[in-house]
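Working notes, structure below.
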Number of protein chains: 2
Amino acid sequence: MTKRSVTMSDVARQLGISRSAVSFALNNEAQVSRETRERVIAKAAELGYRPNAGARALAGQKTDLFGLVTDIVSTPFAGDLIAGAQEWFWGHGKSLLIAGTATPERPDARSIEMMLEHRVGGIMIATTWNRAIDVPAALENVPVVLVHCFDALGERPSIIPDEEQGGREAAQMLLARGRRRIAMINLPEDLVAAQGRRLGFEKALVAAGMAIDPASIVTSGPEPDSAYDVARALLAAGDIDGVFCANDRIAMGTYDAARDLGLRIPEDLSIVGFDNQETIAKYLRPALSTVALPFREMGRRGAELLTRASEDIDRKKIVISCPPIARNSV
Amino acid sequence: MTKRSVTMSDVARQLGISRSAVSFALNNEAQVSRETRERVIAKAAELGYRPNAGARALAGQKTDLFGLVTDIVSTPFAGDLIAGAQEWFWGHGKSLLIAGTATPERPDARSIEMMLEHRVGGIMIATTWNRAIDVPAALENVPVVLVHCFDALGERPSIIPDEEQGGREAAQMLLARGRRRIAMINLPEDLVAAQGRRLGFEKALVAAGMAIDPASIVTSGPEPDSAYDVARALLAAGDIDGVFCANDRIAMGTYDAARDLGLRIPEDLSIVGFDNQETIAKYLRPALSTVALPFREMGRRGAELLTRASEDIDRKKIVISCPPIARNSV
DNA sequence: GTGAAAGCGCTAACAA
DNA sequence: TTGTTAGCGCTTTCAC
C-alpha cells in the first residue's frame, strides 16, 4: 500500500460537504449541482485523490476485475490476445488479472482461487491451439468465456477462428496465382485446426473446378524438422507448383526442403502458411504469405462477451474469420 | 460478482462463535484453540467459504496485488518473464495485475491509474530490449522495480542481464570449437545490448590471445533482411570460420547469406546467436547455438525485490547471467 | 440538491 | 482462549 492516501472524506471535509456528495459528484450521478460537482472535481485533483478500487467494489457489490487464464502467454500470439482484451476492458473501466499457466484446462488451482477471491466478474480461458477443454469445476457459477477453444459440452460461450474459411483463403491465394498442381501439408488430422483448414482447402479447389487428389494431401508434425522430411518427399515425388502448409512452422520446413531440391520460391513453387506467426512469417526469405489467426479480435470479443455475461449468458460459439496476409511466397 | 457469497459471518454464526475467532483460525493466528481452528476450517470448507480479497485488503490496510507493466507481452519472452514473476508471487500469496502496453516508458496512463486505484503493493516495469527508461511520474511513491531496463537516474532497483558475460560465452563457444577467424555482426552500437555483447566478445578473444581486427566487427539492423546483406558482404570478403551474431534474427539472416554463398553450417562456418528466441533458434536448420536472455530468472528476482521493497528499498542494479545454449550451429 | 446513516466483508485492538 | 467493537473507504437508500 502506498503511504496514507487521500480519501473521499478528506475531499469532503475540505469542502465542508458530505461524503456522499463527493461520491455522487465523482460518479457523475444526477443529484449534485453543477457547481458542487466542479468544486469536488477540482479539489480531488488538487489533493491527488485516487478512488480505492477495493473499497468501491466492497461497497458497491460489484467488481471491475476480470481474469484471463491462458497458456498462450508463452507464444507470440499473447500480445494480440491481451491487447484485444484490454482494449475492451479498459474502454469499459475494467481491469485484467492475468494468470499464465502451462495448461489452461488444468490451471494451477491457485490461479483460479486467487481470481475468485478477488471476486472477478468473469474469466476468460484462452489456449494456444484450438481444442476442446474441460472447464475447471471451481468455475461453476462464474461467467466464463472460452477463446480459441471450446468446452466439449457446449455449455460455455466460446470464440473460435473460422478455420475452414481460413483454409479456403489459403487455397484461393494459390489459385489466384494460377497454381493448379496444389498440395497441402496438413497437421495431424485429429486437430480441430487440421480438419477445418483441410475442409476449406478442399472446398476451394472443388469450387475452382478441380479434383482432389488424396495423395496430394499429406500429414506432418507441427514442427519444421518433421515438415522438412514430409515436404521433401512430397516435392520430390510429384510435380507440384503450390503448397498450402497448415501452419507457418511447417512452411518453414518446406522452405528448406524446396531449397535443398533446387526449387525457387515463388518462381517454381508458391507456398502459403497459416497462423501468421510473425517471427517466422515475416523473417523467412521470401516473406511468407499466410493466413492470420485473429487473436486480437478474439480477445476483444471474448472480453465483450464477458462484460455482458451478467446480463444474458449466451452459450453460442462465435466464429471469427481469419484474414489472409499476402507477402512474397506466392 | 458471483451470487451472494458465503462470508465469514456465515461461518461464525453456524459455529456459534465470533467472527474474529474465525478470522484468527483461518489466518493461522496463535490465539485460537486447536480444536476451534479445526472446526472453523472444516465448516468453511463445507460452506464453500472463500475469503474476499478486497475486503481483506481494506480492513488489513495491505494488499496482495502487484502490477506488471510491459511491452514484452507481444514477444515470446513474455511467457518466461511472467512465469518467473508468478512463481514468486504465488509462492508468497500475491496476485499479479498485468497491463500490456506498446511502450513501457509511456504506458497508457489508464493502466497505471488502474493499478494505483487497486492499491498495488508495487509495480514491475519490463521491456523487450535492454535500455534506459523514464519511470512515469505517477509512480513516485510506489515501489517500482525495472526489469531488463533501468532508469537513467539510477533511483530505482533494476534487474538486468549480464550482456558482457553473455558475449563472452558466445565467443567461447566459437573458440572451443577451434574457430580462430571469428567475426561479429553486432546490433547498432547505441544499444546497451550491443555494447555489452561486443565488450564480452572482445575480452574473450583477447583472453584467448587473439588480436581484435576492427574490420571483423560489423553492424547490422536487428532484422534478418538487413543482416543478410551485411553477412553476405562480410562472408564474401574475408575467410571467416566463425561468427557471433548479436541476436538470433541476425543469425537467421546470416544463415541465408551463408547458404547462398555455398557455406555449410557448421562445417564451413560456425554461428552463435543471442537471445534464444525459441521460434527461431530451435527451428533453424541446423538448430542455432545461442545465449539466452534469462527472463524467467529476471522476472522472479524482480518479484522478489518488489515484495521486499516495503522493508528496504535498495536501488541497486542486479545483474543476472546469460546461459549459453548449445545446439548444432557451432 | 444535500447530508445522515447503514452497511459491504474483513482485521485488529481491546476486554472479558 | 474467546468475543466485542471499531473501523478500512466507499456506495446507496432515505430523509431533509
Side-chain angles (χ1 to χ4, degrees), chain A residues 1-41 43-44 47-65 93 114 116-121, chain B residues 1-41 43-44 47-65 93 114 116-121:
Chain A
M1 229 119 223
T2 322
K3 46 175 73 165
R4 184 79 182 70
S5 50
V6 182
T7 77
M8 218 154 157
S9 302
D10 295 329
V11 178
R13 193 175 327 112
Q14 295 221 10
L15 250 28
I17 63 177
S18 75
R19 275 157 47 217
S20 41
V22 175
S23 174
F24 289 140
L26 258 21
N27 293 312
N28 254 305
E29 301 286 340
Q31 46 219 319
V32 225
S33 67
R34 204 182 132 70
E35 192 215 326
T36 305
R37 187 188 311 280
E38 279 167 4
R39 288 177 56 221
V40 168
I41 291 175
K43 183 55 90 178
L47 261 34
Y49 168 72
R50 182 158 19 230
N52 180 319
R56 167 181 293 180
L58 223 206
Q61 292 295 71
K62 58 175 143 254
T63 184
D64 68 328
L65 280 177
M114 155 207 120
L116 263 18
E117 291 188 1
H118 278 283
R119 299 298 188 267
V120 293
Chain B
M1 229 112 232
T2 322
K3 44 175 74 165
R4 184 82 182 68
S5 51
V6 183
T7 78
M8 219 153 157
S9 302
D10 296 329
V11 178
R13 193 176 328 111
Q14 294 222 11
L15 249 28
I17 62 177
S18 76
R19 273 155 51 216
S20 42
V22 175
S23 174
F24 288 139
L26 258 22
N27 292 311
N28 254 305
E29 302 284 341
Q31 46 219 320
V32 224
S33 67
R34 204 181 131 70
E35 192 214 326
T36 305
R37 186 188 312 278
E38 280 167 2
R39 288 177 57 218
V40 168
I41 291 176
K43 182 56 85 178
L47 262 33
Y49 167 72
R50 183 157 17 231
N52 180 319
R56 167 180 294 181
L58 222 206
Q61 293 295 72
K62 57 174 149 253
T63 184
D64 68 328
L65 279 177
M114 154 206 121
L116 263 18
E117 291 187 1
H118 277 285
R119 299 296 188 268
V120 292

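Since the model is a prediction, treat every value here as computed from it, not as a measurement.
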Please determine whether a side-chain nitrogen or oxygen atom of [X] lies at a distance below 4.0 Å from atom OP1 or OP2 of [N].
X	N	value
A/Thr36	C/dG1	no
B/Asn27	C/dT11	yes
B/Arg56	C/dT11	yes

Rounded interatomic separation in angstrom, taking [atom1] from [X] and [atom2] from [N]:
X	N	atom1	atom2	value
A/Leu58	D/dC8	CG	C1'	9 Å
A/Arg50	D/dG9	CZ	P	14 Å
B/Met8	C/dC8	CE	C1'	14 Å
B/Glu35	D/dT2	CD	P	8 Å
B/Glu29	C/dA13	CD	C1'	12 Å
A/Tyr49	D/dG9	OH	P	10 Å
B/Leu26	D/dT2	CG	P	14 Å
A/Gln61	C/dG9	CD	C1'	9 Å

Least distance between heavy atoms, A/Val32 atom then A/Ala21 atom =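 Minimum heavy-atom contact is CG1-O, 4.1 Å.
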message = If you compare all heavy atoms of B/Val11 against all heavy atoms of B/Lys43, which two are closest, and at what distance to 0.1 Å?
response =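 Looking at all heavy atoms of both residues, the shortest contact is CG1-CG, 4.0 Å.
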Choosing from [options], which nucleotide comes nearest the side chain of [X]?
X	options	answer
B/Ser33	D/dT2, D/dT11, C/dC8	D/dT2
B/Ile17	D/dG3, D/dG9, C/dT2	D/dG3
B/Lys62	C/dG9, C/dA12, C/dG7	C/dA12

task = Determine whether the side chains of A/Ser23 and A/Ser20 contain a donor N or O and an acceptor N or O closer than 3.5 Å.
result =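 A/Ser23 vs A/Ser20: no donor-acceptor pair found between side chains.
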query = Heavy atoms under 4.0 Å, any strand shown: does A/Ser23 hit a base, just sugar-phosphate, or nothing?
reply =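 It contacts base atoms.
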ask   = With A/Ser9, which residues qualify under side chain to side chain donor-acceptor pair (under 3.5 Å), at least two apart?
value = none
inquiry  = Do B/Arg37 and B/Asn28 make a side-chain contact, defined as non-hydrogen atoms from C-beta onward lying under 4.5 Å apart?
reply    =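 With C-beta onward as the side chain, the pair touches.
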inquiry  = With heavy-atom distances below 4.5 Å as the criterion, would you say the side chains of B/Asn52 and B/Met8 are in contact?
reply    = no
With 3.5 Å as the limit, what N/O pairs link the protein to nucleotides 4-6 of chain D?
| residue | atom | partner | partner atom | Å |
| --- | --- | --- | --- | --- |
| D/dT4 | O4 | B/Ser20 | OG | 2.8 |

note = Assert: residue with more 5' nearest nucleotide on DNA chain D, out of A/Ser9 and A/Gln31, is A/Ser9
B/Arg39: side chain to side chain contact (heavy atoms under 4.5 Å, CB included) partners, not counting sequence neighbours =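 Counting only residues at least two positions away or on another chain, B/Arg39 forms a side chain to side chain contact (heavy atoms under 4.5 Å, CB included) with B/Leu15, B/Glu35.
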